[in-house]
Amino acid sequence: MALKNRNDRTLAEKAALYGVLTALAMILSYIEMLIPISIGVPGVKPGLANLVVFTALYMMKPIDAFVISIVRVILVGFTFGNLSAMLYSLAGAVLSFFMMWLCRKKNWLSRTGVSVVGGVSHNTGQLLVASVVLENAAVFVYLPALLLAGMIMGALLGILGSLIMERLPK
């Protein structure tokens, strides 16, 4: 079946693109695990894999970006992590995605702003799950540091993602 237009992909092309982007996100997740980050706050990571999801959110349909995000979290969880880590990652990924999608859909923020919302939301989602799992709201003592980390990395990834999108074919 031939393409009707540039935005209409065949099932095989779509599956291949999903696979490549999911693999790229998994590689970025693995690289992130190799980077020793010790600032005294558990859970602070660069969020490199979210660069793929962020870019997909702008260049593909939202459902495509969401599927890539969830599949990546599940595969990374089974490959490099455990069920507990997967639960935290899923919470962060889902909240982050929907907040970014909403901000993008409503045109409330620039691309960098959308990415910052994603970083902050990811950390907030993980803290919400931690407070439920541990049955203790004391984990929110980490919120200021995680919000700051989410804003900084969200801004950096938003700038990088925008630069990448400028260079990719529409």
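Quick caveat, the model's predicted, so the values are computed rather than measured. When a residue number appears, it is its place in the shown sequence, counting from 1.
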Validation row: M100, N50 side chains within 4.5 angstrom (heavy atoms): no
Taking only residues two or more places apart in sequence, or in another chain, which ones meet V67 in a side chain to side chain contact (heavy atoms under 4.5 Å, CB included)? Y18, I63, V71
Going by atom type alone, with no hydrogens or angles, which donor-acceptor pairs under 3.5 Å involve a side-chain atom of residues 105-113 and a protein atom two or more places apart or on another chain?
from: S110; atom 1: OG; to: T112; atom 2: N; distance (Å): 3.4
from: S110; atom 1: OG; to: G113; atom 2: N; distance (Å): 3.1

Please set out all donor-acceptor pairs under 3.5 angstrom arising from side-chain atoms of residues 26-37, sequence neighbours excluded.
from: S29; atom 1: OG; to: A25; atom 2: O; distance (Å): 3.1
from: S29; atom 1: OG; to: R72; atom 2: NH1; distance (Å): 3.2
from: E32; atom 1: OE2; to: G47; atom 2: N; distance (Å): 2.5
from: E32; atom 1: OE2; to: L48; atom 2: N; distance (Å): 2.6

Using atom types as modelled, flag every donor-acceptor pair under 3.5 Å from a side chain in residues 74-86 to any protein atom, sequence neighbours excluded.
from: T79; atom 1: OG1; to: L75; atom 2: O; distance (Å): 2.6
from: N82; atom 1: OD1; to: S84; atom 2: N; distance (Å): 3.0
from: N82; atom 1: OD1; to: A85; atom 2: N; distance (Å): 2.7

Taking the side chain as C-beta and beyond, is there a heavy-atom pair between Q126 and L146 under 4.5 Å? no
Any side-chain heavy-atom pair from I70 and V94 closer than 4.5 angstrom? yes
Test log, rule side chain to side chain contact (heavy atoms under 4.5 Å, CB included), inputs L21 and D64: CA-CA 10 Å; L21 293 176; D64 297 333; over 6 Å; no
What pairs meet the ring pair (Phe, Tyr, Trp, His ring centres under 6.0 Å) rule with one or both residues in residues 48-68, with sequence neighbours excluded? F54-Y58, F66-F97, F66-F98
Any residue meeting side chain to side chain contact (heavy atoms under 4.5 Å, CB included) with L163, in chain and number order, not counting sequence neighbours: I159, E166, R167
Counting distance only, does the side-chain N/O of S131 pair as donor-acceptor with the main-chain N or O of L128 below 3.5 Å? yes
Who pairs with L143 by side chain to side chain contact (heavy atoms under 4.5 Å, CB included), at least two apart in sequence or on another chain? T124, L127, F140, L147
Qualifying residues under side chain to side chain contact (heavy atoms under 4.5 Å, CB included), relative to S121, sequence neighbours excluded: L95, S96, M99, V117
Suppose clustering is done on Ile, Leu, Val, Met, Phe, Trp and Tyr with side-chain heavy atoms closer than 4.5 Å. Which residues sit in the same group as V129? L87, Y88, V133
